[in-house]
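To start, the structure under review is shown below, and the notes come after it.
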Amino acid sequence: MLDDFMTRATLAGVGVAFAAAPLGCFVVWRRMAYFGDATAHAAILGVALSLTFQMSIFTGALAVALIMALTVTLLAGRGYAMDTLLGVLAHSALAFGLVAVSFLSGVRIDLMAYLFGDILAVSRTDLAVIWGGAALVVALIAWRWSELLTATLNEELAYASGFDPKREQLILTVSLAVTVAVAIKVVGVLLIAAMLIIPAAAARSLARSPESMALIAAVIGAVSSVVGLRAAYVFDTPAGPSIVCVAAVLFACFSLIGWQTRDGT
């Protein structure tokens, strides 16, 4: 069954959706959209380093994404506004990554595949990495779910409950880096933030609890992957952007339903 490239692509998309869904909810709740974007942009530098030192793309992307996320966490609140700091680091990392790639000699690289994803080229090894990373992220979030929710709601309440909200921030940081590393093959560094944010934002208008929002976001992400891949196959469009387009359409539809429900119409 896994010899079919469309089957592998579908499984890869669903795996990324499952990893991104619960994490995306916290990104939305904490208003960390730009944080996710910065971490994703840094991954292209990880790609360049991976090719330079002949190691797996996942390893390089994970290492650099983790370094970026930790750097932002450590520098936050030290004289720079968060949006300014993220803007500087995100675009600097992307620029350094693109320049580093240009210096690679004797290595053929399809830069567009890393910027916008190449889900149709996913291999069995890639599938194992994606689903392994997704399982790790889901396990981390499930393990600390109550603590993460409390820290997101109020840091003082977290301290009063007996745990450090900075530790919960670190767990989110590690989870985000893993998600970026596994998603780079599917939607590319420029669209990873979209898969984190759009399904969670779409689920927000339908959910009645944090748990239901994470579950609905996973379903929306999975449906977006399946439908987007089918649309890309039928209309001969880029697969990664097609997945994000479907997610955006679902967001618009569910937002409209949510508004009508609240208005009683």
Side-chain angles (χ1 to χ4, degrees), residues 6-30 32-33 35-37 39-40 43 65 116-120 122 126-127 129-142 145 148 172 175-233 237-258:
M6 284 297 290
T7 300
R8 294 195 300 271
T10 301
L11 290 174
V14 172
V16 169
F18 285 166
L23 184 59
C25 292
F26 285 102
V27 169
V28 170
W29 292 331
R30 287 172 172 254
M32 294 169 55
F35 185 88
D37 208 28
T39 307
F116 297 102
D118 191 13
I119 189 173
L120 298 180
V122 167
D126 293 327
L127 272 181
V129 170
I130 289 170
W131 277 92
L136 176 61
V137 170
V138 171
L140 278 174
I141 299 299
W145 181 261
L148 286 169
L172 284 178
S175 299
L176 181 61
V178 173
T179 301
V180 167
V182 300
I184 190 171
K185 185 78 172 182
V186 177
V187 291
V189 299
L190 298 183
L191 300 177
I192 291 172
M195 286 305 292
L196 279 169
I197 298 165
I198 296 178
R204 192 172 192 173
S205 61
L206 302 176
R208 294 295 178 264
S209 68
E211 293 79 9
S212 65
M213 180 171 166
L215 181 59
I216 295 172
V219 173
I220 291 174
V223 170
S224 299
S225 298
V226 174
V227 176
L229 279 171
R230 181 60 182 173
Y233 180 80
T237 54
S242 296
I243 292 172
V244 176
C245 286
V246 173
V249 171
L250 291 176
F251 167 74
C253 293
F254 291 141
S255 296
L256 181 60
I257 292 173

Can you name the closest pair of heavy atoms from R30 and L148 and give their distance? NH2-O, 4.1 Å
Looking at A17 and A222, what are the two nearest heavy atoms and their distance? CB-N, 3.4 Å
Can you name the one residue among V244, L191, V189 that meets side chain to side chain contact (heavy atoms under 4.5 Å, CB included) with F116? L191
State the CD1-CG distance between I184 and D118, to the nearest 0.5 angstrom. 11.5 Å
What heavy-atom pair brings A247 and I198 nearest, and what distance separates the two atoms? O-CG2, 3.3 Å
Report yes if some heavy atom in the side chain of I141 is under 4.5 Å from a heavy atom in the side chain of S175; otherwise report no. yes
Atom pair OG (S224) and CD1 (I243), whose distance is rounded to the nearest 0.5 Å: 8.5 Å
Pairwise distance CD1(I119) to OG1(T10) - rounded to 0.5 angstrom: 7.0 Å
Separation of I192 CD1 from I197 CD1 (nearest 0.5 Å): 11.5 Å
What closest approach, in Å, do A214 and P22 show between heavy atoms, and which atom pair accounts for it? CB-CA, 4.2 Å
Just how far is it from atom CG of L120 to atom CE of M6, taken to the nearest 0.5 Å? 6.5 Å
Between A202 and I220 the two heavy atoms that sit nearest each other are CB-CD1, 3.7 Å
Hey, could you give me the CG/CD1 distance between L206 and I216, rounded to the nearest 0.5 Å? 5.5 Å
Check: V14 and F18 side chains under 4.5 Å, non-hydrogen atoms: yes
Taking all atoms of both residues into account, what is the closest heavy-atom pair of W131 and L11, and its distance? NE1-O, 3.0 Å
